[in-house]
Amino acid sequence: MFKKKIYPAPYSKIKNNSDKNTKKRCGVYLDYASTTPTDERVIKAMAPYFKEKFGNTMSLHGFGQEAKEALEKSREGVANLMGAKASEVIFTSSATESNNLALKGIALARRSPCLAGAPAKRVGGGGHVIISSIEHACVMESAKWLENQGFEITRLKVDQYGLVNPDDVRKAIKKETILVSIIHANNEIGTIQPIREIGEVIRKKSEILNLKSKIYFHTDAAQSFGKIPIDVNKMNIDLLTASSHKMYGPKGAALLFVKSGTKIEPLLHGGGHEFGLRSSTVNVPAIVGFAEACRICQKELRQESKRLSILRDKLIKGVLSKIGGAHLNGHPKKRLPNNVNFSFDFIEGESLVIQFDLHGIAASTGSACSSATLEPSHVLLAIGLKPQEAHGSLRLSFGRWTKEKNIDYVLEVLPKVVKKLRKISPFKK
Amino acid sequence: MNTLYSKEIMKHFRKPRNVGKMKKYDGLGKVGNLLCGDILWLYIKVGKNKQGKEIIKKASFSTYGCTIAIANSSLITTIVKGKTLEEAMKITKEDLLKRLGKVPLFKIHCSLLAADALSEAIYDYLSKNKKEIPQELKERHLRIKKEKEKIEKRYKDWRPKIQERMYKKTK
């Protein structure tokens with residue numbers, strides 16, 4: 001009786017709607033920031049590239065050229081979305097790979113001569129790289145690896161909303177600086193950085209320092225690409241990462257925008273695909289899907305971001321007014337239209353997520369990658385939360401198939417679940 | 001269906017048994033550390049059975065923590081009820097893990113807390129009533145205390161350190 005009354009149908013019992021299967025597959029899916037379902041239109045665009053147009057883009061025959069044509073057309077389409085030239089887009093397999101290529105590729109191309117021969121033990125001998133303290137794990141770890149290789153790393157602190165101060169970037173830049181990498185929109189708290197201002201600051205400062213070679217500016221836009229307008233020229237960006245599966249495309253495709261003239265070393269050597277920067281047989285179906293996903297996102301961007309911001313603000317308002325001891329993490333205004341992140345006093349995030357799962361709501365504590373570690377999120381610690389507060393975080397992210405009634409359902413379930421867990425908690429009086 | 005946790009874990013997590021603080025308890029075991037995200041308080045009430053042996057009449061818990069920590073707290077309160085103190089002392093971590101079924105590897109430490117809390121609660125009862133404490137229990141108590149100190153030490157200047165480093169670099 002208990003089960004029937006309180007818990008609605010679990011995932012497996014909700015039948016697919018045959019026409020738009022992405023809608024109802026699993027109760028209420030509110031974890032679009034970890035990955036999204038692939039849009040029907042994208043799957044349709046991809047379909048011919050598995051069996052009919054399966055060629056290798058490097059082949060000279062018709063099959064190969066057909067695939068090559070699709071690849072270049074996709075490149076153009078994707079470049080179009082951010083105001084770049086087609087020749088500046090490199091397709092990779094994932095945002096993690098793109099970020100690795102950006103950091104390591106630039107660092108290796110620009111390391112000081114003393115390092116090129118024998119590894120120098122001297123810290124900072126390789127050059128200086130600036131990142132923020134709320135980067136995604138792949139940037140954090142790449143930077144750590146570079147640090148071990150003799151590069152000096154500066155991790156900029158952020159304010160209580162997770163914003164990087166462009167002034168801090170200016171102060172951190174010095175003669176040895178080769179690269180600045182700041183995440184565009186944070187994957188956990190959704191804070192959108194003033195990328196344009198930071199780009200401006202970097203350009204000006206390198207003029208003042210009169211550097212021989214440019215300080216490159218990389219931004220990880222995996223979460224923001226296709227959700228908020230991006231123009232690489234206006235924003236003074238030299239390198240940009242975006243990922244297909246975060247914007248209703250298939251998994252296995254991502255891109256790195258590399259401004260023409262940028263000195264960068266490849267990580268994968270081989271047949272010289274992707275302008276020699278990423279040798280590997282090209283994953284044509286996934287890339288075609290990625291391009292189609294970009295096209296759809298671009299077309300619907302304005303309308304969709306407006307719709308999602310309304311849902312987001314409704315959820316934030318509802319949760320803060322209905323539940324005591326709930327705090328919003330991240331900036332109240334300068335955040336992704338589809339992201340909310342809360343901390344709840346006295347309860348732990350993981351048990352909250354599993355309770356949600358029992359109610360048919362898919363949510364997460366933070367980034368999906370960090371769910372296997374027991375340490376609290378570095379992002380939440382960086383914005384000044386205490387470790388115990390950082391343990392109690394809940395991230396809800398929505399997207400194309402989120403409806404207002406889903407938000408109403410969350411607002412109905414969340415207070416119950418929080419109350420239940422607080423009853424168990426030793427800290428609640 | 002979510003297959004991350006076993007049926008037994010979900011059964012206890014959905015509907016935890018013996019939740020809440022006990023007002024007049026005989027023994028209390030507090031284990032875990034807020035910094036790593038799990039805190040478990042286990043209360044026991046001691047009585048006597050027909051043979052005159054001391055048994056755990058009631059047990060209840062308060063837990064801040066993940067699914068497994070909560071499920072396991074609930075599980076242990078149901079197991080120990082009616083057991084003599086000697087029997088309860090013999091409950092090992094392995095027994096609990098066996099009862100829980102499949103546990104993700106990185107979550108094993110959360111599932112071991114309950115066994116520690118139980119022995120701490122019994123230790124608390126025995127020492128408060130100035131009763132003889134078995135050698136094994138004493139050792140366990142020392143080990144738990146040591147681990148607690150170790151974690152506290154590890155996390156003590158952990159956060160300030162990170163901030164300091166960031167501050168230095170930006171300067």
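Numbers restart at 1 for each chain; the letters A, B, ... are given by sequence-line order, proteins then strands.
Looking at every heavy atom in both residues, B:C66 comes nearest to A:S351 through C-CB, 4.0 Å. Between B:Y64 and A:F346, the closest heavy-atom pair is CD1-O, 3.2 Å. Contact detail for A:E348 and B:G65: the closest heavy-atom pair is CB-O, 3.5 Å.
Identified by a heavy-atom distance below 4.5 Å to chain A, the contributing residues of residues 41-59 of chain B are B:W41, in residue-number order. Within residues 130-138 of chain B, no residue has any heavy atom under 4.5 Å from a heavy atom of chain A. Residues of residues 70-93 of chain B placed with any heavy atom under 4.5 Å of a heavy atom in chain A are listed by number as B:I70.
Under the 4.5 Å side-chain criterion, counting only non-hydrogen atoms from C-beta, B:T67 is not in contact with A:V353. Taking the side chain as every heavy atom from C-beta outward, B:M10 and A:L358 approach each other to under 4.5 Å.
A donor-acceptor contact shorter than 3.5 Å links the side chain of A:K420 to the backbone of B:R14. Checked by atom type and distance alone, the side chain of A:K423 never pairs as donor or acceptor with a backbone atom of B:V19 at under 3.5 Å.
More than 12 heavy atoms of other shown residues, nucleotides or ligands fall within 6.0 angstrom of atom NZ in B:K128.
Applying the ring-ring contact (aromatic ring centres under 6.0 Å, His included) test to B:F13 and every residue at least two apart in sequence or in another chain returns nothing.
For chain B, the nearby parts of A:I424 are the backbone and the side chain; heavy atoms of each come within less than 4.5 Å.
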